[in-house]
Amino acid sequence: MNKLLSSMFALAVASVTAISAQAQEVKGDAKAAEQKIAMCIGCHGIKGYQASFPEVYRVPMISGQNAKYIAAALNAYKKGDRKHPTMRGIADSLSDQDIADVAAYYEQHGKTDAVAKAPAAPDAKVAALLQKGACVSCHGDNFSKPVDPSYPKIAGQHKDFLFVALKSYKVENQSTWGRSNGVMGGVAKQFSNAELKALSAYVGSLDGDLKTVPQSKFR
């Protein structure tokens, strides 16, 4: 299975590289995005803010996330590969330039030069799960240095969001919250929900670059 996953990862990296080359034609302007993020602030600019669909979980931290990943995620919502209705509605309202600008803004938003701490070693059970999923093959050292910038940093992300996201790859055809991604679908379907929860708890406990920077809608 690990050989199959390695082949899938190699193919995915090649595909993402080709997509990224096309995406470079649209250069993001973080300053311009200041007039475009009103819809983002209402959830991602409030610490501890919780979504209630498809279950209650904290919305992901996106300040400090890779710009190319943010753009890839928004385009996935726009194309329908990610089904969450609220995010699909927002993504549909954005042009390619809007997406590039918003992605550039959040990549640098709240960025500091703080050095991440060395991660605590997982227990034997979680270590085996991480090896089985070959998670480091895409998400990189300390789960904060993805092998391609179109992949997300996940270290320190909210564990409840990570759990919901991983489960969504197991139900990619679910019309309102599934996610369609061949690589992540193949990974997530290897695990029970209890195992996905254990993986999410460990990755969420790590020190990382992601954060929520409080912002007011009414600036």
Side-chain angles (χ1 to χ4, degrees), residues 1-14 16-17 44 47-51 55-70 72-73 106-171 179 181-213:
M1 175 59 78
N2 280 340
K3 289 184 178 179
L4 174 61
L5 286 173
S6 296
S7 298
M8 292 171 67
F9 291 145
L11 178 61
V13 169
V16 166
T17 300
H44 298 287
K47 285 192 173 183
Y49 186 85
Q50 293 181 313
E55 59 189 77
V56 175
Y57 62 93
R58 286 168 292 176
V59 301
M61 294 179 281
I62 59 174
S63 293
Q65 185 59 270
N66 291 328
K68 287 187 178 180
Y69 170 71
I70 293 174
Y106 277 108
E107 182 176 60
Q108 58 80 41
H109 190 228
K111 183 174 284 188
T112 67
D113 295 325
V115 178
K117 301 174 184 176
D123 63 29
K125 177 182 176 182
V126 170
L129 296 176
L130 290 168
Q131 183 175 18
K132 180 180 178 180
C135 305
V136 73
S137 297
C138 283
H139 297 289
D141 292 342
N142 300 344
F143 303 97
S144 202
K145 292 181 173 60
V147 297
D148 186 280
S150 292
Y151 297 148
K153 300 175 183 180
I154 56 174
Q157 184 61 270
H158 297 310
K159 64 181 181 180
D160 45 353
F161 166 73
L162 290 172
F163 180 51
V164 169
L166 286 168
K167 286 193 297 181
S168 72
Y169 289 113
K170 297 173 71 173
V171 291
R179 294 187 180 187
N181 180 292
V183 173
M184 285 304 303
V187 171
K189 289 172 185 175
Q190 298 179 84
F191 300 109
S192 68
N193 285 347
E195 289 172 330
L196 292 179
K197 184 171 284 190
L199 284 169
S200 300
Y202 172 70
V203 173
S205 73
L206 302 177
D207 191 39
D209 298 334
L210 304 177
K211 62 186 69 174
T212 298
V213 179

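Below, each value reflects all heavy atoms present in this structure, side chains not excepted, and no hydrogens, waters or symmetry copies. We number each residue from 1, following the sequence as shown.
Under a cut-off of 6.0 angstrom, the local environment of NZ in Lys189 is crowded, with over 12 non-hydrogen atoms contributed by other residues, nucleotides or ligands. Around atom NZ of Lys167, more than 12 heavy atoms belonging to other residues, nucleotides or ligands sit under 6.0 Å away.
Rounded to the nearest 0.5 Å, atoms OH (Tyr106) and CD1 (Ile70) are 8.5 Å apart. Rounded to the nearest 0.5 angstrom, Met61 CE and Phe161 CZ are separated by 10.0 Å. Here the OH-NZ distance, from Tyr151 to Lys68, works out to 12.5 Å after rounding to the nearest 0.5 Å. Note that OG of Ser205 and CD of Gln157 are 13.0 Å apart. Values are rounded to the nearest 0.5 Å.
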Item to check | Verdict with supporting geometry, Leu210 and Gln65, side chain to side chain contact (heavy atoms under 4.5 Å, CB included) | outcome: CA-CA 6 Å; Leu210 304 177; Gln65 185 59 270; 3.7 Å; yes

Item to check | Verdict with reasoning, Asn181 to Tyr169, per side chain to side chain contact (heavy atoms under 4.5 Å, CB included) | outcome: CA-CA 7 Å; Asn181 180 292; Tyr169 289 113; 3.7 Å; yes

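Take Leu166 and apply the side-chain contact (heavy atoms from CB on, under 4.5 Å) test, not counting sequence neighbours, and it matches Met184, Leu196, Ser200. Applying the salt bridge (Lys or Arg N to Asp or Glu O under 4.0 Å) test to Lys197 and every residue at least two apart in sequence or in another chain returns nothing. The side-chain contact (heavy atoms from CB on, under 4.5 Å) search around Val213 returns Ser63, His109, Lys211, not counting sequence neighbours.
Formation of a donor-acceptor pair under 3.5 Å by the Asn142 side chain with backbone atoms of Ser144 is not found in this model. Distance alone, capped at 3.5 Å, places no donor-acceptor pair between the His158 side chain and the Gly204 backbone. Of the possible donor and acceptor atoms, one in the side chain of His139 sits under 3.5 Å from a partner among the backbone N and O of Pro152.
Considering every non-hydrogen atom in both Lys47 and Thr212, the closest pair reads CE-O, 3.2 Å. Of all non-hydrogen atoms in Phe143 and Tyr202, the two that sit nearest each other are CE1-CE2, 4.2 Å. What you find for Ile154 and Leu162 is that their closest heavy atoms are O-CD1, 4.2 Å. Of all non-hydrogen atoms in Leu129 and Leu199, the two that sit nearest each other are CB-CD2, 3.6 Å. Taking every heavy atom of both residues into account, Asn66 and Pro149 meet most closely at CB-O, 3.2 Å.
Looking at heavy atoms from C-beta onward, Asn193 lies in side-chain contact with Lys170 at the 4.5 angstrom threshold.
With Lys153 as reference, Asp209 is the one residue of Asp209, Asp148, Asp141, Asp207 to meet the salt bridge (Lys or Arg N to Asp or Glu O under 4.0 Å) rule.
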